Amino acid sequence: MAEETPIALPDAVPGFPHPSETKQLFGQADAEQRFLEAWQQDRLHHAWLLRGPYGVGKATLAYRIARALIATDPAAGDGLFGDSEPITPNSLDRPADCPVAARISAGSEPRLFVLRRSANPNTGRMRGQIAIDDVRRLREFLGLSAADGGWRVIIVDSADEMNRNSANALLKFLEEPPALSMFLLVSHAPASLLPTIRSRCRTLDLPPLSPEDHAWALEAAGTETTSDTATTLSQLAAGSVGQALRLAAADGADLYRQIVKLIGNGDRVDRTALPSFAESCAARGQTDRFEMAVDLTQTLLARLARAAATGQMPPEAAPGEHALMQAVSSSQHAAHQWADTLATISATTRHAKAVNLDPGQTIVDMFLELDSTLGRIRRAAA
């Protein structure tokens, strides 16, 4: 039985194609080739851990693998275990008119099960974790015989979102998988997974994309940006297409420029402009802007800490950023100050969001903490 497609997918970026609809994969040829070589050598493992930073193509690769496997018919000799010689796959690409690809895009492929967070039936809101009830539905899927005896594929996106109960429930399936079943676990933080789950998977590592591949992927996803904005998105997303798409949807490049402008030359935070900026992030219906402002401020702090620690400035992501780094990121003392401030702000904003504190005040408090750090760095340099 196929999984019902939720109205709002937790792994989707509004306004952009979902990984199940994305046909091209950029910058991950090595990972794809590793899987193909295992297939060609008749050494396909039943579980694969696709690991790497958020948004670099792990889910897209999982769906590419699913399309290729499900479209293969072992009974006809086109797979690994048919009576005649199997056709050796040399690509995961599928024809434009492939019916399996169409069904997967529509969420109606009966041999694909996507294990993801679901809505709480009592509240109707999306759960924060993959619950054990979500994993239990997998038993029914694996208990049914595939109609044509072909591959059944389970995509877990993301495995990091399982709690301990759901992870242990999935582990039982990984320990005794049915024949011709393939588990593809997407993970942004594999160290958080149960060691017993990691040990039962072969790994495919997907690194951050190069600037060139990043630009191609953004163009393929349908983003319309200037070259300056594309450069900013690439820098802020650190090679993650998924993060770049979220930034593009929330006008993150302009928001980052505003954040850098608030700090100016590193002397003091502009307290005259701070209230209006905080108000713009706290207005009704601006939850995404508030979340993005918090994330991008932490991105700036990480870039300041890295520049101070390494003595090397990254390509400028906003006007004035290099001047700021030269002023406040020129010593190991500054590196420690920015790293400590990042940890403090990360903890306090996480707490503020958890207890629903006023977003505007949260933004103000965040920049006042940043202002205190500027003061400590100035005094140390005097």
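If you're wondering where the values come from, they're calculated on a predicted model, not measured in any experiment.
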### Task
Using atom types as modelled and distance alone, determine if a side-chain donor or acceptor of Q312 lies under 3.5 Å from a backbone N or O of A307.
no
### Query
Looking only at atom types and distance, does a side-chain atom of H214 sit under 3.5 Å from a main-chain N or O of G27, one as donor and one as acceptor?
no
### Message
How long is the straight-line distance from OG1 of T344 back to CG of L370, given to the nearest 0.5 Å?
### Response
11.0 Å
### Linked, directly or transitively: L115 and L194 (ILVMFWY side chains, under 4.5 Å)
yes
### Task
Report yes if the side chains of L142 and I154 come closer than 4.5 Å at any heavy-atom pair, otherwise no.
yes
### Reported CZ-to-CG distance for the pair R198 and L174, which is rounded to 0.5 angstrom
13.0 Å
### Task
Might you work through the side-chain hydrogen bond (donor to acceptor under 3.5 Å, both in side chains) test for S331 and H333, ending with a clear yes or no?
CA-CA 5 Å; S331 68; H333 173 265; 4.7 Å; no
### Message
I want to check something: taking the side chain as every heavy atom from C-beta on, are R67 and C98 in contact at a cut-off of under 4.5 Å?
### Response
no
### Message
Please check if the number of heavy atoms outside D30 that lie under 6.0 Å from its CG is greater than 12.
### Response
no
### Task
Drop me the distance from Q337's CD to L342's CG, to the nearest 0.5 angstrom.
13.0 Å
### Message
Looking at K23, is its backbone amide N or carbonyl O close enough to the side chain of R64 to form a donor-acceptor pair, meaning the two atoms are under 3.5 Å apart?
### Response
yes
### Message
So does W151 get a backbone contact from the side chain of R111, meaning a donor-acceptor N/O pair under 3.5 Å?
### Response
yes
### R117 backbone acceptor or donor facing R127 side chain under 3.5 Å
no
#### Entry: I65/V153 under side chain to side chain contact (heavy atoms under 4.5 Å, CB included): CA gap, chis, key distance, verdict
CA-CA 9 Å; I65 291 173; V153 179; 5.9 Å; no
### Summary
Of all heavy-atom pairs linking L324 and G264, the shortest is CD1-O, 3.7 Å
### Query
Given the rule that I, L, V, M, F, W and Y join up when any side-chain heavy atoms are under 4.5 Å apart, are L274 and Y256 in one cluster?
yes
#### Entry: Check: K353 and T362 side chains under 4.5 Å, non-hydrogen atoms
no
### Query
Does D340 have any salt bridge (Lys or Arg N to Asp or Glu O under 4.0 Å) partners at least two apart in sequence or in another chain, and if so, which?
none
### Query
CG/L49 to OG1/T203 distance, rounded to the nearest 0.5 angstrom?
6.5 Å
### Query
Of all residues at least two apart in sequence or in a different chain, which pass the ring-ring contact (aromatic ring centres under 6.0 Å, His included) check with H188?
Y54
### Message
Could you see if F183 belongs to whatever hydrophobic cluster contains I130? Use Ile, Leu, Val, Met, Phe, Trp, Tyr and a side-chain cutoff under 4.5 Å.
### Response
yes
### Query
If you take all heavy atoms of I104 and A66, which pair is closest and at what distance?
CD1-C, 4.3 Å
### Query
Can you check side chain to side chain contact (heavy atoms under 4.5 Å, CB included) on W216 and L209, steps first, answer last?
CA-CA 10 Å; W216 281 111; L209 273 64; over 6 Å; no
## Note on the structure
Closest non-hydrogen atoms of H46 and P177, given as atom of the first, atom of the second and distance, are CD2-CG, 3.4 Å
### Close side-chain approach of T348 and M366, heavy atoms under 4.5 Å
no
### Task
Would you mind reporting whether D134 and R116 have side-chain heavy atoms less than 4.5 Å apart?
no
#### Entry: Results of ring-ring contact (aromatic ring centres under 6.0 Å, His included) for F35 - residues two or more places apart only
W48
### Query
Within the distance-only criterion (no hydrogens, no angle test), does the side chain of E21 pair as donor or acceptor with the backbone N or O of P17 below 3.5 angstrom?
no
### Query
If only atom types and distance count, is the side chain of S329 paired as donor or acceptor with the main-chain N or O of Q326 below 3.5 Å?
no
### Task
Starting at CE of M292, measure out to OG1 of T299 and round the result to the nearest 0.5 Å.
9.0 Å
### Message
Pairing donors with acceptors under 3.5 angstrom, does anything connect the side chains of S166 and N163?
### Response
yes
### Query
Can you name the side-chain contact (heavy atoms from CB on, under 4.5 Å) partners of R379, sequence neighbours left out?
R376
### Query
Cut-off 3.5 Å, side chains only: do R350 and S346 have a donor facing an acceptor?
yes
### Message
Going by ring-ring contact (aromatic ring centres under 6.0 Å, His included), name the residues that satisfy it together with F277, two or more places apart in sequence or in a different chain.
### Response
F367
### Message
Tell me if a side-chain donor or acceptor on K58 pairs with a main-chain N or O of P53 at a distance below 3.5 Å.
### Response
yes
### Task
Test side chain to side chain contact (heavy atoms under 4.5 Å, CB included) on L180 and R152 and set out the steps.
CA-CA 6 Å; L180 287 178; R152 284 172 292 176; over 6 Å; no
### Task
Could you pull out the closest heavy-atom pair between V260 and A318, with the gap in Å?
CG2-CB, 4.0 Å
### Task
Applying side chain to side chain contact (heavy atoms under 4.5 Å, CB included), run through L374 and D267 and close with a yes or a no.
CA-CA 7 Å; L374 290 173; D267 183 36; over 6 Å; no
### Query
Can you tell me if CZ on R378 sees more than 12 non-hydrogen neighbours from other groups inside 6.0 Å?
yes
#### Entry: Side chains of I363 and T349 in contact at under 4.5 Å (non-hydrogen atoms)
no
### Task
Flag yes if more than 12 heavy atoms outside E176 fall under 6.0 Å of its CD atom; otherwise flag no.
no
### Query
Sub-3.5 Å donor-acceptor pair from the side chain of Q28 to the main-chain atoms of V56, do we have one?
yes
### Query
Any idea which heavy atoms bring S187 and D160 closest together, and the distance?
OG-OD1, 2.6 Å
### Beyond-backbone contact of W338 with I377, side-chain heavy atoms, under 4.5 angstrom
yes
## Note on the structure
Tested for side chain to side chain contact (heavy atoms under 4.5 Å, CB included) against V156, the lone hit among L184, V186, L170 is L170
### Query
Linking I/L/V/M/F/W/Y whenever their side-chain heavy atoms sit closer than 4.5 Å, directly or via other members, would I132 and M162 fall into one cluster?
no
### Task
Evaluate the side-chain proximity of F26 to V241: yes if any heavy-atom separation is below 4.5 Å, no if none is.
no
### Task
Search all heavy atoms of A278 against all heavy atoms of G360 and return the closest pair with its distance.
CB-O, 3.6 Å
### Message
I'd like to know if the side chain of Q129 reaches the main chain of A131, judged simply by a donor and an acceptor atom lying under 3.5 Å from each other, with no hydrogens or angles considered.
### Response
no
### Query
Nearest 0.5 Å, what's the OG-CD1 distance between S20 and I155?
8.5 Å
### Message
Using a 4.5 Å cut-off between side-chain heavy atoms of Ile, Leu, Val, Met, Phe, Trp and Tyr, which other residues end up in the same hydrophobic cluster as V355?
### Response
L357
